[in-house]
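All residue numbers in this chain count up from 1 along the given sequence. FYI, side chains are in, hydrogens and waters are out, and symmetry mates aren't considered; it's all heavy atoms of this structure.
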Amino acid sequence: MPGESLARRAAARLEEQRLAALEDYADVRLALGQDVSQVSELAELAAQHPTRERFHGLLMRALYRSGRQAEALEVYRAFRDRMRDELGLDPGPELVALHQAILEQRPDLRRPPSPPAPTPARLPEPLTDLAGRDEDLPELVALPRTARLVTLTGTAGVGKSRLALEAARRLAGDFPDGVHLVELSSVPAAPVSDVAEAVAAALGLRDDGGVGDPEERIASAFGTRRALLVLDNCEHVVEPVAKLAELLLRVGPEPRVIATSREPLGVTGEVVREVPPLDADAATRLFAVRAADAQPGFAMTAADADAVEVICRRLDGIPLALELAAARVRSLGVRALAERLDDRFRLLSAGRRAGPAHQRTLRAAIDWSWELLTEPERVVLRRLTVQVGGCTLEAAERVCALPLPIPGGPPGDDEAQVAATGADIQPADVADLLARLVDRSLVVRAGDRYRLLESVAAYGLERLREAGEHDRALRWYATYYTQLAETYKSGPARHRWVRRLDAETANLRGALKAAMSLGDTRLAARLTGSLGWYWVQAGRLGEARRAANAAPLSERRAAASVTI
């Protein structure tokens, strides 16, 4: 076409100008000390332009300054062989000189002077003793000696920050360049550069016009220094923190990082340790100590033991919840406190006045986790609350997903009504959503079953009612377990089915209660009728009579219940 050759020449000239600008830009960044973050970018450009000498020279310099001399020499060797084999040429004199300088490790190739090392801030003094972590703490203190990134995960209020700070205090002697604490709860969710700027500011790294990007300032400040960085409350900025942590791991072998988050960072080389709730004995000790702090002279008596056991069990051994409850002993006493835990969020609303806002009350702690969820994750979490005994993946898929994929489902729950709810998650999506909720420390997986901590379940139930889905979720819950019971078989398969139904005892009772609360006596009669042979086999005749009597006589006859 007319003018085609002219257009091609213009395009080639513009492309050459673009590549030259990229080379100049990379050269300036290297002069500013930004070498670590450029390695992958320059490697990609060198691969895209295998005979362009300057890209390869820039990559060699970046690798050398990053402590990767052997890789820098390999880049030169591969480029030299390619040029000789494909073009019959040798590398230019500038690249040859750079190669020789790398071999000789000349001082002029070194990175520009680094900014001064950050001054370690004094770690906050603990206001109380660390209770119930006698086994967890020694393992955590030992980890940074071999693992470069340790992330503590766990549910809201379980004590991740307190454990990390105590470990940092005990590790201080191992890090001559200091232990640095960065509290991230007040940092808004933002791109990596904004989060890195907040971290740099917390570390006292000033922008003096030398190393430009905050990520590079942090990497240059730590570099080869033997220092420990504690990044606290990372869950809302997990992706930017992950990128920053990965950069720190690449810059040298000496820096160590302890992060606390409600989900892992997902960085190669990360060692994840879940901080579990306190066991019964440790929870009791913590409650008693904090109650004595709130009410001088308090001493737990034998008469209080049962009530304290109820409090610790129903609050799942979560230190934050136990401390908030202990503060109420002065005004309510132990027994009254135990009796009022059904309204736990109102009862435990008188929280701390200091510390991050999301750690002051039980509701605020779970609110913080809830706000970080996607809408499909929220849907699954709130619908899981109807499962009173934990559940299998199949049960979660049948009860949490809409439309419900059970043939012969509850009458009136057709696809048109399902669509009107505005919730569109599919059964096939539930497994991935459950895995993400487990990662976010909101769902507990034990073997092949999933369950919620009681406080999370109480919170989710409130959200289920707010969404207007409570009765609908109960109906699907009752229907699923009714249909499960209807598949019960006697004969050779009965032992397998007895074990299966044994595992679902709490949910079978919950399903019957749900059917009756919905006024669906026919569904209740189907459930009691289908469980007859199971109750006989399991030797639960008393339970069979009580359950059968819960349904009206007419419905029991209609369902053709067995006679016990």
Side-chain angles (χ1 to χ4, degrees), residues 128 131-132 154-159 275-295 298-352 358-370 381-390 441-444 446 450-466 470 473-474 506-507 509-510 513-514 517:
T128 57
T155 192
V158 79
V275 180
L278 298 177
D279 61 31
D281 290 340
T284 300
R285 291 198 304 271
L286 176 63
F287 180 84
V289 169
R290 298 296 183 263
D293 292 340
Q295 181 181 348
F298 172 84
M300 194 175 72
T301 65
D304 296 328
D306 289 344
V308 172
E309 188 276 331
V310 169
I311 293 169
C312 294
R313 174 174 49 81
R314 296 201 58 192
L315 294 179
D316 303 301
I318 301 298
L320 172 63
L322 293 171
E323 291 179 355
L324 294 172
R328 286 292 197 183
V329 169
R330 182 178 180 180
S331 58
L332 292 177
V334 174
R335 292 188 175 280
L337 180 63
E339 293 168 355
R340 286 164 171 76
L341 285 178
D342 285 343
D343 195 13
R344 68 187 62 202
F345 296 116
R346 182 177 299 175
L347 181 68
L348 306 182
S349 61
R352 305 161 172 170
H358 69 275
Q359 295 177 359
R360 296 180 187 176
T361 68
L362 184 59
R363 180 183 293 280
I366 305 179
D367 274 338
W368 176 265
S369 293
W370 176 266
L381 181 62
R382 66 184 182 237
R383 291 177 186 162
L384 278 176
T385 60
V386 299
Q387 305 272 2
V388 296
S441 305
L442 286 165
V443 174
V444 178
Y450 299 85
R451 68 179 180 88
L452 302 179
L453 298 180
E454 187 169 332
S455 294
V456 175
Y459 181 92
L461 190 59
E462 287 187 3
R463 293 291 188 172
L464 187 68
R465 295 183 191 278
E466 289 175 6
H470 180 259
L474 273 187
N507 280 315
R509 292 171 181 164
K513 182 178 178 180
S517 70

Taking only distance into account, with no hydrogens and no angle test, what donor-acceptor pairs under 3.5 Å do side-chain atoms of residues 451-459 form with protein atoms, sequence neighbours excluded?
residue: Glu454; atom: OE2; partner: Arg314; partner atom: NE; Å: 2.7
residue: Glu454; atom: OE2; partner: Arg314; partner atom: NH2; Å: 2.8
residue: Glu454; atom: OE2; partner: Arg344; partner atom: NH2; Å: 2.5
residue: Ser455; atom: OG; partner: Arg344; partner atom: NH1; Å: 2.9
residue: Tyr459; atom: OH; partner: Asp367; partner atom: OD1; Å: 2.4
residue: Tyr459; atom: OH; partner: Arg463; partner atom: NE; Å: 3.1
residue: Tyr459; atom: OH; partner: Arg463; partner atom: NH2; Å: 2.7

Considering all heavy atoms, the nearest [X]-[Y] contact:
X      : Y      : result
Gly390 : Asn507 : O-ND2, 2.7 Å
Pro276 : Val158 : O-CG2, 3.4 Å
Leu348 : Ala321 : CD1-O, 4.0 Å
Ile311 : Leu341 : CA-CD1, 3.8 Å
Ile366 : Ala156 : N-CB, 4.4 Å
Ala326 : Ala294 : O-CB, 3.8 Å

Identify each donor-acceptor pair in which a side-chain atom of residues 298-308 lies under 3.5 Å from a protein atom, sequence neighbours left out, and give them as a table.
residue: Thr301; atom: OG1; partner: Ala303; partner atom: N; Å: 3.4
residue: Thr301; atom: OG1; partner: Asp304; partner atom: N; Å: 3.4
residue: Thr301; atom: OG1; partner: Asp304; partner atom: OD2; Å: 3.1
residue: Asp304; atom: OD2; partner: Thr301; partner atom: N; Å: 3.4

Item to complete: Indicate yes or no for a side-chain donor-acceptor contact from Asp279 to the backbone of Asp281 under 3.5 Å, with no hydrogens or angles considered.
Response: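 Checked: pair present.
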Between [atom1] on residue [X] and [atom2] on residue [Y], distance to nearest 0.5 Å:
X      : Y      : atom1 : atom2 : result
Leu337 : Ser331 : CG    : OG    : 8.5 Å
Leu362 : Ile318 : CG    : CD1   : 9.0 Å
Arg363 : Leu324 : CZ    : CG    : 13.0 Å
Thr284 : Leu278 : OG1   : CG    : 9.5 Å

Hey, can you pull the donor-acceptor pairs under 3.5 Å for the side chains in residues 285-293, sequence neighbours left out?
residue: Arg290; atom: NE; partner: Glu323; partner atom: OE2; Å: 3.2
residue: Arg290; atom: NH2; partner: Thr128; partner atom: OG1; Å: 3.2
residue: Arg290; atom: NH2; partner: Asp129; partner atom: O; Å: 3.2

Item to complete: May I ask you to decide whether Asp343 forms a salt bridge with Arg340, counting only side-chain N to carboxylate O separations under 4.0 Å?
Response: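 No, this pair does not count.
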Worksheet item: Can you check side chain to side chain contact (heavy atoms under 4.5 Å, CB included) on Tyr450 and Val444, steps first, answer last?
Response: CA-CA 6 Å; Tyr450 299 85; Val444 178; over 6 Å; no
Worksheet entry | Set of residues satisfying side-chain contact (heavy atoms from CB on, under 4.5 Å) with respect to Arg313, sequence neighbours excluded | Glu309, Val310
Discussion item. Which residues pass the side-chain hydrogen bond (donor to acceptor under 3.5 Å, both in side chains) test with Thr155, not counting sequence neighbours?
Written reply: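 Expected list: none.
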Item to complete: Could you give me the CA-CA distance, side-chain angles and deciding distance for Lys513 and Val388, then say whether side chain to side chain contact (heavy atoms under 4.5 Å, CB included) is met?
Response: CA-CA 11 Å; Lys513 182 178 178 180; Val388 296; over 6 Å; no
